[in-house]
Amino acid sequence: MSHRGAAATLPPKRGLLDTVRAYVGLTKARIIEQLLVVTVPAMMLAQRGIPSVWLILATLVGGTMAAASAHALNCVADADIDAKMKRTARRPTAKGEVTPRNALVFGLALAALSAVWLWLTTNLLSAVLSLAAIAFYVLVYTLLLKRRTSQNIVWGGAAGCMPVVIGWSAVTGTVEWPALVMFGIIFFWTPPHFWALAMKYKDDYAAAEVPMLPVVATPRQVSVRIVAYAWVMVVWTLLLAPVTSWIYVAFALVAGAYFVVMAHRLHTGVKAGREVSPMRLFHLSNLYLCGLFLAIAVDAAIGLPTVL
């Protein structure tokens, strides 16, 4: 074989920028942004005001590393199914841009760094909670539930609720009931949010043999559950009334009512056999959660008397 022919079979060299971009891709940065959005309001509610800028930054840095770790390890475990799905086929492990071994080392290193960082800059409880969130996401959701049950996202979604608890503990050194209420808000929000997405990418999940609810249930069964979780979520948001003022409660009622109406509209369309756009509810769910936690932040910053 000529040198020219041999050279043609070699994989193209990757530059430093491409390598950095690939490792950043492992972290699923867009999802991290949303996790951080809920952390700061939780810290403000715990403080009943605005915590120190240093504490906020330290918690966000630690939370970013923890979430990046969980996502990188998820990419390692799910590389085979990611490669079969159009939505995830461009992830670095699915494309072979990062080897499983390197991605594993990267994820574990971030987990260790996040725990040490949070321990040194906030407290031990926050560090332990960050490790617990990573372990739950990778071991329980990714490895145990995702490929085995249609309830995967219901219980596995608990990992995505941890940032509010970590934020609260970073301020107080404890986990009190308002932190658990915020945990519950995200817990009940996750199924309608993700099932709407899964309705759109049903064929993707079916091709990868992942039993997301829209793959194993009828559209009507999925939309009924979306409506049920929407109602539970909105009612649950009102449990924060004893520690918030009319600002938060008013927003929770108005925004929650609109979300429930939109969930019912999706169900009505499915029931009537019309073509529906579940991504409309998916995008609304993102705006709803961000708006709700912004209302918590504003409420805490202004400091008006609580409703109850």
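All values below were derived from every heavy atom in this structure, side-chain atoms included, with hydrogens, water molecules and symmetry-related copies excluded.
- In this structure, the side chains of Phe282 and Met199 stay at 4.5 Å or more apart for every pair of heavy atoms.
- Under a 3.5 Å cut-off, the side chain of Trp236 and the backbone N or O of Val181 do form a donor-acceptor pair.
- The shortest side-chain heavy-atom distance between Pro51 and Met44 falls under the 4.5 Å cut-off.
- Within the 4.5 Å cutoff, no side-chain heavy atoms of Leu26 are placed close to those of Arg91.
- Residues Ser126 and Asn123 have side chains that bring a donor and an acceptor to within less than 3.5 angstrom of each other.
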For the pair Trp195 and Tyr229, evaluate ring-ring contact (aromatic ring centres under 6.0 Å, His included) and give the outcome as yes or no after the intermediate values. CA-CA 11 Å; Trp195 285 336; Tyr229 272 96; 5.5 Å; yes
Starting from the C-alpha separation in whole Å, work towards a yes-or-no answer on side chain to side chain contact (heavy atoms under 4.5 Å, CB included) for Val215 and Glu209. CA-CA 9 Å; Val215 175; Glu209 299 181 354; over 6 Å; no
Report the C-alpha distance between Val235 and Phe188 in whole Å, list the side-chain angles of each, state the deciding distance to 0.1 Å, and finish with yes or no for side chain to side chain contact (heavy atoms under 4.5 Å, CB included). CA-CA 10 Å; Val235 172; Phe188 293 121; over 6 Å; no
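- Aromatic ring pairs are classed by plane angle as parallel below 30°, tilted from 30° to 60° and perpendicular above 60°; the pair Trp155 and Phe187 is tilted.
- Residues Lys28 and Cys75 form a side-chain contact, since some pair of their non-hydrogen atoms from C-beta on lies under 4.5 Å apart.
- Side chain of Arg48 to main chain of Leu45: a donor-acceptor pair is present (N/O by atom type, distance under 3.5 Å, no hydrogens or angles).
- Of the options Asn152, Asn74, Asp78, a side-chain hydrogen bond (donor to acceptor under 3.5 Å, both in side chains) to Lys146 is made by Asp78 and by none of the others.
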Checking Tyr288 against Met262 for the side chain to side chain contact (heavy atoms under 4.5 Å, CB included) test, could you report, in this order, the C-alpha distance in whole Å, the side-chain angles of both residues, the deciding distance, and whether it holds? CA-CA 12 Å; Tyr288 168 80; Met262 295 303 292; over 6 Å; no
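- Atoms CG and CZ, from Leu197 and Arg87 in turn, are 5.0 Å apart once rounded to the nearest 0.5 Å.
- Of the inter-residue distances, the one linking Leu113 atom CG with Leu118 atom CG reads 11.0 Å to the nearest 0.5 angstrom.
- Of the possible donor and acceptor atoms, none in the side chain of Thr27 sits under 3.5 Å from a partner among the backbone N and O of Tyr23.
- Here OG1 of Thr19 is found 6.5 Å from CG of Leu16. Values are rounded to the nearest 0.5 Å.
- Atoms CG and NE2, on Leu281 and His264 in that order, are 11.5 Å from each other to the nearest 0.5 Å.
- Between Trp54 and Trp117, the two ring planes are perpendicular [angle over 60°; tilted spans 30° to 60°].
- Side-chain contact check for Ile134 versus Ser114: some heavy-atom pair is nearer than 4.5 Å.
- When atom types are taken as modelled, the side chain of Asp204 and the backbone of Lys86 share a donor-acceptor pair closer than 3.5 angstrom.
- With rounding to the nearest 0.5 angstrom, the CD atom of Gln151 is 11.0 Å from the CD1 atom of Ile153.
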